[in-house]
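Just follow the structure's listing: the first ligand is 1, and inside any ligand the first atom is 1.
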Amino acid sequence: MDAQPKYLALVDRLRLDIEAMPTGSSVPSERSLAAEQGVSRMTARRALDELEREGLLRREVGRGSFVTRPAVSLPLRLTSFTEDVRARGLVPSSRVLRLETAAAGTDLASLLGIPASAPVTRLHRLRLADGRPMAIERTALPASAVPGIDEHDLASGSLYEILESAYGVRFDAGEQTIRAGIIADADAACLEVDAGSAALELVRTSACHGEVVERTVSTYPGDRFELSAQIEPATARGPERRSALRERD
Ligand code: GLP
């Protein structure tokens, strides 16, 4: 078996150091790394290149390298977690935290547009990218739209792919609200962040042919995601277009 290339051994050592350093700290230069670690500058450069590719450091011309955390861009479109993570070159996976079907109750029923006594499937998942926890997603689906969903592999599969292939659901409309939040005590350990730290919450309601099939509250630690959207002039779609900014419920 081939020995591990030198730069990869250095990457492993540096990754541990970098993960223990706060975001924004400065990372030794190629030259000082080579001297400190007793490797060639070429090896030091390849290690820094790899860490940059993994999103763990950012290089600024003339200033040096700084610790960062991999951020996944969440487009403001109806894409799935799986698609967003793959677009960043990372491998998505999930851990199912809860999967059960019970009566909706009034609040959820009105959000999903179904009677309060109608059954709803609640699916809570920890979402990971390259094995690193990125979000907790709490999804509610009208059970009548997804009979037998618990027989699918929700730990390695994409919910959207399952909805499309097994139930013919391809979302054609949706609404997404983005708000600031904090990480709840119960979610902190799973997400590997401190309780009370900053979070980004996305609340998405997605529909297919006028029927709501999904309502998901996604909680992302604040340092792991950024949102990006194409913006257009306010006049582009007529005066009735409402502002995206509104008072929180
Ligand atoms: C995004 C959305 C969620 C949706 C999920 C589906 O994260 N914010 O509302 O449930 O994608 O992802 P997947 O198909 O990977 O399970």
Chemist: Going by the order shown, which atoms of ligand 1 are within less than 4.0 Å of some heavy atom of Tyr160?
Modeler: 4 (C), 6 (C), 9 (O), 10 (O), 14 (O)

Chemist: Heavy-atom contacts with Leu159 under 4.0 Å: which atoms of ligand 1 show up? List them by number with element.
Modeler: 13 (P), 14 (O), 16 (O)

Chemist: Check this for me: does any side-chain nitrogen of one of Asp187 and Arg138 sit under 4.0 Å from a carboxylate oxygen of the other?
Modeler: yes

Chemist: Yes or no: does Glu83 have any heavy atom under 4.0 Å from an atom of ligand 1?
Modeler: no

Chemist: Which protein non-hydrogen atom lies closest to atom 14 (O) of ligand 1, naming both residue and atom, and how far is it?
Modeler: Ser158 OG, 2.5 Å

Chemist: So, regarding Glu161 and ligand 1 (criterion: nitrogen or oxygen to nitrogen or oxygen, under 3.5 Å), is there a contact or not?
Modeler: no

Chemist: Using the test side-chain hydrogen bond (donor to acceptor under 3.5 Å, both in side chains), find all partners of Ser156 that sit at least two apart in sequence or belong to another chain.
Modeler: Asp153

Chemist: Listing request: all ring-ring contact (aromatic ring centres under 6.0 Å, His included) pairs with a residue in residues 183-216, at least two apart in sequence or in separate chains.
Modeler: none

Chemist: May I ask whether Leu202 and Val193 are part of the same hydrophobic cluster, defined by side-chain heavy atoms of I, L, V, M, F, W, Y residues being less than 4.5 angstrom apart, directly or through others?
Modeler: no

Chemist: Are any of the N/O atoms in Leu202 less than 3.5 Å from those in ligand 1?
Modeler: no

Chemist: Counting from 1, what ligand 1 atoms have a heavy atom of Arg127 closer than 4.0 Å?
Modeler: 12 (O), 13 (P), 15 (O), 16 (O)

Chemist: In the protein, which heavy atom is nearest to atom 15 (O) of ligand 1, and how far is it?
Modeler: Thr82 OG1, 2.4 Å

Chemist: Could you identify the single nearest non-hydrogen protein atom to atom 4 (C) of ligand 1 and state the distance to 0.1 Å?
Modeler: Glu214 OE2, 3.0 Å

Chemist: Is there side-chain contact between Leu159 and Ser80, with heavy atoms separated by less than 4.5 Å?
Modeler: no

Chemist: What part of Phe171, side chain from CB on, backbone N/CA/C/O, both or neither, has a heavy atom under 4.0 Å from ligand 1?
Modeler: neither

Chemist: Please determine whether the number of non-hydrogen atoms from other residues, nucleotides or ligands lying under 6.0 Å from atom CZ of Arg31 exceeds 12.
Modeler: no

Chemist: Hey, does Gln176 come in under 3.5 Å of ligand 1, counting only N/O atoms on both sides?
Modeler: no

Chemist: For ligand 1, note which part of Ser218 has a heavy atom under 4.0 Å away: side chain, backbone, both or neither.
Modeler: side chain

Chemist: Below a 4.0 angstrom heavy-atom separation, can you tell me which part of Thr216, side chain or backbone, both or neither, approaches ligand 1?
Modeler: side chain

Chemist: Identify, for atom 7 (O) of ligand 1, the protein heavy atom at the shortest distance, and state residue, atom and that distance.
Modeler: Glu137 OE2, 2.5 Å

Chemist: Nearest protein heavy-atom contact for atom 12 (O) of ligand 1: which residue, which atom, what distance?
Modeler: Phe81 N, 3.2 Å

Chemist: Below 4.5 Å, heavy atoms only, C-beta onward: do Leu123 and Arg125 meet side chain to side chain?
Modeler: yes

Chemist: Examine distances only and state if a side-chain atom of Tyr167 and a backbone atom of Ile149 form a donor-acceptor pair shorter than 3.5 Å.
Modeler: yes

Chemist: Does a salt bridge link Glu161 with Arg86, judged by any charged N lying under 4.0 Å from a carboxylate O?
Modeler: yes

Chemist: What do you reckon, does Gly157 have a nitrogen or oxygen under 3.5 Å from a nitrogen or oxygen of ligand 1?
Modeler: no

Chemist: Test Tyr160 against Glu214 for side chain to side chain donor-acceptor pair (under 3.5 Å), laying out the working first.
Modeler: CA-CA 10 Å; Tyr160 281 9; Glu214 167 206 30; 2.7 Å; yes

Chemist: If you count the non-hydrogen atoms of other residues, nucleotides and ligands that lie under 6.0 Å from CZ in Arg13, is the total more than 12?
Modeler: yes

Chemist: Taking 4.0 angstrom as the limit and counting only heavy atoms of Tyr220, give me the atoms of ligand 1 inside it, by number and element.
Modeler: 7 (O)

